[in-house]
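Notes follow the structure.
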Amino acid sequence: MLNLNFQPILLALLQALILLALAPLMTGISRQMRARMHSRRGPGVWQDYRDIFKLLKRQDVAPAASGFVFQAMPFVMFGVMLLVAMALPVFTHHSPLGVIADIITVAYLFALARFFFSLAGIDSGSLYAGLGATREATLGVLVEPIMILSLLVVALIEGSTNIGSISDSIANGYGQSPTAIVLAMLAFGFAVFIEMGKLPFDMAEAEQELQEGPLTEYSGSSLAILKLGLGLKKVVMAQFFIGVFLPFGIATDLNAGGLAMAIAVVAIPVRLAVIFFLAALVENSMARGRFMLTSRVTWVGFGVAALSFVFYLAGL
Amino acid sequence: MTMTSLDLLFVSVLLYVGGAFLSLLFARREELAIASAGVLGALGGVAGLAAVLPVLLSGHGVSFAMASVFSFANFSVRVDLLAAFMVLVISLLVVATSIYSLAYVREYAGRGAWAMGFFMNLFIASMVALVVVDNAFWFLVFFEMMSLASYFLVIFDQDEEAVSAGFLYFLIAHAGSVLILIAFFILYGQSGSLEFASFRKLQLSMPMASVVFLLAFFGFGAKAGMIPLHGWLPRAHPAAPSHGSALMSGVMVKIGVFGIIKVGVDLLGAHTAWWGIVVLAFGAVSAVLGVLYAIAEKDIKRLLAYSSVENVGIILMGVGVGMIGIATGRPLLAGLGLLAGLYHLLNHAVFKGLLFLGAGSILFRTHTKNMEKLGGLARKMPYTAAAFLVGAMAISALPPLNGFVSEWFTYQSLFTMSREGELLIRLVGPAAIVMLAITGALAAMCFIKVYGMSFSGLPRSEHADKAKEAPAAMVLAMLFLAVVAILLGLGASVVAPVIAGVASSLAGGAHLDVAQGTLLFPGSLVQATLSTPLIAILLMATPLLAVLIVMLVKGVRMARRHSGDAWACGYMQEGHMVVSADGFAKPISSMFGAMFNLRRTMDPGPLLQSSMQRLIAAATRAEPFWDDKLVAPVLRFVPWLGRQVQWLQHGDFRVYCLYVVAALVVLLVFTV
């Protein structure tokens, strides 16, 4: 039988719920920042909560051609992201669900979400959603190698693919191969930036033409759940980045004492906000690119990851 | 009396052969032929499973030998763990395809369905016999039987494409056989016996062993469909009837992998590290290019065939790591690599079998393999769609299904390899990991396309519009395989130790720890852990929170509406507006354009075919040579001689008298 201890499950659930609750705030901050940088007033950082709440009360309309996958996708996206949120190290260096907090497992959980997200685009029977599906899947092909290679470098340094172990060893200093770790961080940050759905790879508001195309046919409560799921995906991505490469200021373990835990809890939204702020800054200083040329840009990310590996081999 | 494993195995082969000949016997009554081939095939599969499961679970192989009709080759059988594992893979898939054939082959009634049953069962029997014999002569005999029987399945449709694909298959299969033959002959020359047991005892010099290994590697690699020897595979597999394609892609290509393990590890001991690197490199290239070519296809069966090239590549990656582990004296690494390869071998047989059967059901109902003419089948064929979706997710290595578990082990074995050792090995490991990551993402895209184009959206042809659910036997076979795919994923902590036993028997016998409770780990709990049941439970539980939110925050929401067209910017929606199979793959085929050019330059198929044509031309030229120089002169000489002799027979009776007198005189002179 499953030999589970319930305390870690509860902690995992707690941190996942915190990340879920923060998700609309973080996307709201992104929106507000973009508005300000465009010299608009913007809707305020709470707008995404209002949007989701409103959508939940609206009717769900699906095209006749759509099928089971279309209907299930928002829930799959939401569920997978919540699962990843449970597995990441958030309060402490160790993941509360250590047995599944493996970089390969997490990378393939993202692939699971992408599989349904893209498939739902085709399943809707809409022409725009179909194009969005192609783009989403293509981006996956371009991003996944960068993500795996940059994580591989830190995993090799630690000798483990467990996210908690990696986080723990990095928190104790960049001692071994510091250059390699910094380069891996840059490459992984690049991958996270793409996954957060940012320009020049995506523009969340231009739903009919770009990556979020699969959203085209969603409405009402389905759209609300999907928006929550996609927001959570962005937060989870940022937290993944923080947990692996910047695990500072969080408690070493659960017995660290009240003050350390309090700092750890407060640190969560602060660090997320910083990551979203930086991402928004980069995004809004970019122009949009042609999709077919995306691979030329992602080569840069891959190059940095490869360079990081070379530095690791050289022991730098 | 209890039956031993060997008895059961014998019964299993007997059932296959019996099914084959009964099918032949009932040529006039095809429904009986179909039923006997299918039912006896399925029973044979069950007997095969019953035969090898005790062997695998106990970890003790059995063997048996008897004199055969040939004095130079004993009929020796050796069911070691690897052979038992292969019989398990074959039998498992055969149970499904045989049940499937009960309904599917009716499509071929009147077109020689009885012959199909005959060749199919013979094909299966020869594969089972092949993996358990322990003698080079019988091995080659069964290898040839397998190739020939499957050749007849490939050309079954008798149209131009099938015959031409069959010819290419025939050529490459036999080019491979020749290489294997040479490899075995070198071993025979050294040991003086055709028994594999004598090969195992040989101490070959390094260069000699390497030559044997490379010959066997490319010989079996051609059978496995490894790039660049894959050219026949995407043409031959789709041409065969779908349950035949399932067996060819699911099992027959694995015979190639089995051969590489048999010769490289079992017979030669894998004592040289670069052999493993060669296997790993060919595997990684096959994986990436295989799936890249798969994405660009719009014929569903060709796409699946290319994806088999990819999966053989992934299996070979595991095998390569295992061989490196053996050569560098790292038993843990060796066991992990072989475990990953063998686990993926089993998994691929299950989900590729399932997908080919699914493609067969689509073909059965819509009469097209072209995905551009499908669409919307999920509503018409819900069970087929559900089973196919499971297969598509499994082959895309999505957790918690079986494909993910074996790819996770492949990643972990590569990771273990990268952690220490020579610089080259530490460089090769991460390169292979990156290629596996690209393969994984491409495979997901590829199967989004297959499922999306076939089962989602609006139907794009009349046939697709009028399709209905496949017959019960076919649905049953697909659901069976889908359930097996799920169980091999969720029950990985039960399955992995058994396969680890097979792997460690090949890697020198050191015990390999890979599971504890429901937890999987690659030999060390520190390096990584995985729990597929936990992932499955959480994946079922977490969406409930979303359901809860939808239920609680309701307001005055109206019920869900499921009608109307998709939004088309204000225009009326039409079926052909949506993204096509080609369009879906367009970004990839343009971004990786160079890789597609590579296919044309690297494929030896055209070269083989053109050299065959040159050979025929040369033979045509050479043939008149004998006519001109030998036959024609003789032909001219005989009438000439006749003409010379003709004047003797002048026809005048007095001349004949003269001959008589002359003869008498001559005789008199001699006697006196």
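Below, read A as the first sequence line, B as the second, and so on, with proteins coming before strands; counting in each chain starts at 1.
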Portion of [X] that has a non-hydrogen atom of chain A nearer than 4.5 angstrom:
{"X": "B/Phe404", "value": "side chain"}
{"X": "B/Leu519", "value": "side chain"}
{"X": "B/Ser590", "value": "side chain"}
{"X": "B/Glu407", "value": "side chain"}
{"X": "B/Leu525", "value": "neither"}

Going by side-chain contact (heavy atoms from CB on, under 4.5 Å), A/Val141 matches just one of B/Thr439, B/Ile588, B/Leu292, B/Val291. Which one?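 Going through the options one by one, the only one that passes is B/Ile588.
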
I'd like to know if the side chain of [X] reaches the main chain of [Y], judged simply by a donor and an acceptor atom lying under 3.5 Å from each other, with no hydrogens or angles considered.
{"X": "A/Glu217", "Y": "B/Ala566", "answer": "no"}
{"X": "A/Thr161", "Y": "B/Gln527", "answer": "yes"}
{"X": "B/Ser563", "Y": "A/Ala64", "answer": "no"}
{"X": "A/Arg114", "Y": "B/Ala444", "answer": "no"}

Working to the nearest 0.5 Å, report the span between CZ of B/Arg560 and OG of A/Ser219.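 It is 8.5 Å, given to the nearest 0.5 Å.
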
Of the listed residues (A/Val80, A/Thr138, A/Val76), which shares the most heavy-atom pairs with chain B below a 4.5 Å separation?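 Heavy-atom pair counts peak at A/Thr138.
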
